[in-house]
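See below for the structure under consideration.
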Amino acid sequence: DVQLVESGGGSVRTGGSLRLSCAASGATDGRHCMAWFRQSPGEEREGVAAIDPAYNRTYYADSVKGRFTISPDNAKNTLYLQMNSLKTEGTAVYYCATRISDSYKYWGQGTQVTVS
């Protein structure tokens with residue numbers, strides 16, 4: 001199993017920045033795709049950013065392109081999400097997840113981000 005623990009959430013003014021962290025432990029080898037998702041109250045969970053280590057590729061939702069950056073620190077088994085120029089619609093619980101085979105199997109507990 002893989003355990004994921006997010007941190008770094010908080011309250012920030014519009015236009016501000018936050019960096020989220022996702023610490024991974026357990027059966028993790030840094031080879032699986034990982035992603036950040038978010039869910040606002042009353043909304044469906046949406047993918048924000050993902051990274052595929054096999055091809056060193058990153059993917060971003062259109063709504064965050066140019067403002068968010070996903071990056072791993074393999075030495076620390078930690079995944080980061082740098083969020084700049086935050087907007088009020090960025091208010092959500094942010095989750096990191098690890099993809100195993102065809103689905104994101106392991107999820108963290110989430111960290112709240114509030115932009116006002």
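For this chain, numbers begin at 1 and follow the sequence in order.
Judged by distance alone, with hydrogens and angles left aside, the side-chain atoms of Tyr94 form a donor-acceptor pair with the main-chain N or O of Gly90 at under 3.5 Å. Under a 3.5 Å cut-off, the side chain of Glu6 and the backbone N or O of Gly110 do form a donor-acceptor pair. At least one donor-acceptor pair under 3.5 Å links the side chain of Ser40 to the backbone N or O of Thr91. Checking side-chain atoms of Thr78 against main-chain N and O of Lys76 turns up a donor-acceptor pair under 3.5 Å. Proximity of a side-chain donor or acceptor of Tyr60 to a complementary backbone N or O of Ile70 within less than 3.5 Å is detected. Distance alone, capped at 3.5 Å, places no donor-acceptor pair between the Thr114 side chain and the Ser11 backbone.
No continuous path of ILVMFWY side-chain contacts below 4.5 Å connects Trp107 to Leu81, so the two sit in separate hydrophobic clusters. Put simply, Ile100 and Leu4 are part of the same group of oily side chains (I, L, V, M, F, W, Y) that touch within less than 4.5 Å, one to the next.
Between Tyr104 and Phe37, the ring planes are perpendicular. Angles over 60° get that label, and only those under 30° would be called parallel.
Residues Arg38 and Val64 are in side-chain contact: their nearest non-hydrogen atoms beyond the backbone lie under 4.5 Å apart. Within the 4.5 Å cutoff, the side chain of Val5 has heavy atoms near those of the Gln109 side chain. In this structure the side chain of Ser25 never reaches within 4.5 angstrom of the side chain of Val2, judged on heavy atoms. You'll find the side chain of Leu18 reaches within 4.5 Å of the side chain of Leu86, heavy atoms only.
For the pair Ala92 and Gln112, the tightest heavy-atom approach, listed with the atom from each and the gap, is O-NE2, 3.4 Å. Here the closest non-hydrogen pair linking Arg99 and Asp102 is NH2-O, 3.2 Å. Of all heavy-atom pairs spanning Ala61 and Gly47, the tightest one is CB-O, 3.5 Å. When every heavy atom of Val113 is checked against every heavy atom of Gly9, the shortest pair comes out as CG2-CA, 4.1 Å. For Cys22 against Met34, the heavy-atom pair with the smallest separation is SG-CE, 4.2 Å. The minimum heavy-atom distance between Thr88 and Ser116, with the atom names listed, is CG2-CA, 4.4 Å.
For the atom pair NE2 (His32) and OG (Ser101), the distance works out to 8.0 Å, reported to the nearest 0.5 Å. In this structure, the separation between CD on Gln39 and CD on Glu44 is 8.5 Å, given to the nearest 0.5 Å. The CZ atom of Arg57 sits 7.5 Å away from the CG atom of Asp52 when rounded to the nearest 0.5 Å.
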Check your understanding: Given Ser17 and Gln82, is the side chain to side chain contact (heavy atoms under 4.5 Å, CB included) satisfied, shown in steps?
Key -> CA-CA 7 Å; Ser17 298; Gln82 178 67 43; 4.0 Å; yes

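Side chain to side chain, Asp1 and Gln3 fail the donor-acceptor criterion of an N or O pair below 3.5 Å.
The residue from Trp36, Tyr80, Tyr95 that alone fulfils the side chain to side chain contact (heavy atoms under 4.5 Å, CB included) condition with Leu20 is Trp36.
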